[in-house]
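Worksheet for the structure shown next.
Every chain is numbered from 1, with letters handed out A, B, ... down the list of sequences. Side-chain atoms are counted along with the backbone in the values below, which use heavy atoms only and exclude waters and symmetry mates.
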Number of protein chains: 2
Amino acid sequence: MLKPASSTGKRELILNAAAKVFSRHGFHRARMEDVAAEAGVGKGTIYEYFESKDSLFKELVREGLNFYSRAKLAETGKDSLGEKLRRLFLVHLKFSIDYRDLSKVALSDYATGSEDIRRWVSSMRQEKVARLKEMLDQAKERGETGRDLDTGVAAVLIWGALGSLWYQVTWEEPPPDIDGMVDQSVQMVMRGLENG
Amino acid sequence: MLKPASSTGKRELILNAAAKVFSRHGFHRARMEDVAAEAGVGKGTIYEYFESKDSLFKELVREGLNFYSRAKLAETGKDSLGEKLRRLFLVHLKFSIDYRDLSKVALSDYATGSEDIRRWVSSMRQEKVARLKEMLDQAKERGETGRDLDTGVAAVLIWGALGSLWYQVTWEEPPPDIDGMVDQSVQMVMRGLENG
DNA sequence: ATTTTAAAACCGACCAGTCAGTCATTTTTT
DNA sequence: AAAAAATGACTGACTGGTCGGTTTTAAAAT
């Protein structure tokens, strides 16, 4: 049986260490021993808190996702589409700065790991795109976009654009002015969605 | 010493097998033995044609890249930006359909493999984005885009959008109408680039 | 044409390194 | 003192790469 999440701070400790170690070389090259060393615990201890390496990875990513979901869209449905997109972009990029290690893990290990993880990550992407499409559909309904917009394609494009920005911010040099970049980006995206 | 590329069709044979096997489970889970089996050769034979697993992967991706580079932009500098983008998108997506296995490899193993591969792939991305930025800069010069466009950000966004489309086409159900989708996408992108 | 011969191509059993996960033992807590 | 937590040496499974030996090919000799 696994210990409850609150037994000590040890669970958090391990999770943080995992973020650091996974982000260094990716899932495969990260050894459980290294995670243990980074956390300052014995290797065996990790298995008191996590089923397996796979499970540790999943918990790690889920934790991060939860975190920034919480900070995320209070989903005030009355905001304009532009405002919603701005917040979406901002939350993701802020996250990537505040939790750089975790962000690297989430981004770079997409294709890594077991078949199980692969499917899991892929389904998350699908869900994200689907949610984005919903948002666009609503906006379209309200006439905030072009009448003939293909929201499916648009959602894929926007998600990709955000992902690319995210990647850039996470891996390349620290960006100077996130807010400005986001404003600029959203402006571009919004123009793209409008009627020709 | 490695054998010349032309000694038999065996090199091609192995490369094709590698595309298939790598695309199935990603770089790490693909075993050289499986590649050998798929190609119908002994494991040792692979090492007559390729230095190592890493090198096999690189050659594979390079081969694919070469191929579609060739088919690519005859770079007729006088085409409109829209036309250039349309061709860029089309070439990538057509490639992903014709060489689905190879496409999966190129896409999903971005973060995978050795440190060496990781860096190599990352540098390719940088280069692609840089080239895209150049294209945008030229167009901006000619007044085809908004005067105040941040071409750096735009290049990142567009590359991401294309990548996302590429991913969708490669992994999800076979798309119905590539040309239509591309037209739609490029239209959106072009609107986004114009002056507000 | 046939045989000889040597080099080139091919092969897969094996080796050596790796690492996730276990568990008997030790340390800490209650 | 006994229960809980922590540990790290160990094991078992796995796989990239090697290498001595076999087969194929092609050229040379008869």
Side-chain angles (χ1 to χ4, degrees), chain A residues 1-61 105 109 112-118, chain B residues 1-22 24-61 105 109 112-118 120:
Chain A
M1 260 318 85
L2 253 41
K3 301 205 166 65
S6 58
S7 84
T8 344
K10 205 144 281 191
R11 202 189 127 89
E12 287 300 316
L13 198 65
I14 294 170
L15 240 22
N16 280 345
K20 215 168 272 176
V21 174
F22 280 142
S23 76
R24 272 209 277 274
H25 301 295
F27 180 85
H28 272 104
R29 306 246 322 222
R31 296 176 309 143
M32 292 302 266
E33 203 177 314
D34 294 340
V35 175
E38 180 72 41
V41 303
K43 180 148 77 120
T45 304
I46 296 177
Y47 288 88
E48 300 280 335
Y49 294 88
F50 301 93
E51 294 266 355
S52 63
K53 192 182 180 185
D54 267 27
S55 131
L56 173 58
F57 176 82
K58 279 198 201 172
E59 299 273 333
L60 180 59
V61 175
V105 173
D109 282 308
T112 306
S114 66
E115 203 61 30
D116 184 33
I117 285 184
R118 186 183 268 245
Chain B
M1 260 319 84
L2 254 40
K3 301 205 168 65
S6 59
S7 84
T8 345
K10 205 143 283 190
R11 202 190 127 90
E12 287 300 316
L13 198 64
I14 293 170
L15 239 21
N16 280 345
K20 215 168 271 174
V21 174
F22 280 142
R24 273 209 276 274
H25 301 294
F27 181 85
H28 272 104
R29 307 247 320 219
R31 297 176 307 144
M32 293 302 265
E33 202 178 315
D34 294 339
V35 175
E38 179 73 41
V41 303
K43 179 149 77 120
T45 303
I46 296 177
Y47 288 88
E48 300 280 335
Y49 294 88
F50 301 93
E51 294 267 355
S52 64
K53 192 182 181 185
D54 266 27
S55 130
L56 173 58
F57 175 82
K58 278 198 201 173
E59 299 273 331
L60 181 60
V61 174
V105 173
D109 283 308
T112 305
S114 66
E115 203 61 30
D116 184 35
I117 286 185
R118 185 184 269 246
W120 183 65

Original post:
In whole angstrom, what separates A/Arg31's CZ from D/dG8's C1'?
Top reply: 14 Å
Original post:
OP1 or OP2 of D/dA6 less than 4.0 angstrom from a side-chain nitrogen or oxygen of A/Lys10, does that happen here?
Top reply: yes
Subject >> Of B/Gly40 and A/Ser52, the one whose closest DNA chain C nucleotide lies more 5' >> reply: B/Gly40
Subject >> d(CZ, B/Phe50; C1', D/dG16) in whole Å >> reply: 16 Å
Subject >> Length of the line joining B/Arg29:CZ and D/dG16:P, which is rounded to integer Å >> reply: 12 Å
**OP:** Please check the phosphate of D/dT7 (OP1 and OP2 only) for any side-chain N or O of A/Thr45 closer than 4.0 Å.
**Re:** yes
**OP:** May I have the distance from B/Met32 (atom CE) to D/dC14 (atom C1'), rounded to whole angstrom?
**Re:** 15 Å
Original post:
Can you tell me how far C1' of C/dC10 sits from CZ of B/Arg11, to the nearest Å?
Top reply: 17 Å
**OP:** Supply the atom-to-atom distance A/Asp54 CG to A/Glu59 CD, rounded to the nearest 0.5 angstrom.
**Re:** 11.5 Å
Subject >> Position toward the 5' end of DNA chain D (nearest nucleotide), A/Ile46 or A/Glu33 >> reply: A/Ile46
Original post:
Which class fits the ring pair B/Phe57 and B/Phe22: parallel under 30°, tilted 30 to 60°, perpendicular over 60°?
Top reply: perpendicular
Anything under 3.5 Å between a protein N or O and an N or O of nucleotides 22-27 of chain C, put it in a table, one pair a line.
none

Original post:
To the nearest Å, how far apart are B/Ile14 CD1 and C/dA9 C1'?
Top reply: 11 Å
Subject >> Contact check, side chains of A/Leu56 and A/Met32, non-hydrogen atoms, under 4.5 Å >> reply: yes
**OP:** Supply the atom-to-atom distance A/Arg29 CZ to B/His28 NE2, rounded to the nearest 0.5 angstrom.
**Re:** 7.5 Å
**OP:** Starting from C1' on C/dC19, measure out to NE2 on A/His25 and report it in whole angstrom.
**Re:** 15 Å
Original post:
Where is the tightest heavy-atom contact between A/Glu38 and A/Ala17, given as atom of each residue plus distance?
Top reply: CG-CB, 3.6 Å
**OP:** Looking at every strand, decide which applies to A/Ala30 at a 4.0 Å heavy-atom threshold: base, sugar-phosphate, or nothing.
**Re:** sugar-phosphate
Subject >> Lys/Arg cation over aromatic B/Phe50: B/Lys58, 6.0 Å, 45° cone >> reply: no
Original post:
So, A/Glu48 and A/Lys10, do they make that salt bridge, N to O below 4.0 Å?
Top reply: no
**OP:** Find the distance B/Asp34:CG to C/dG12:C1' and express it as a whole number of Å.
**Re:** 15 Å
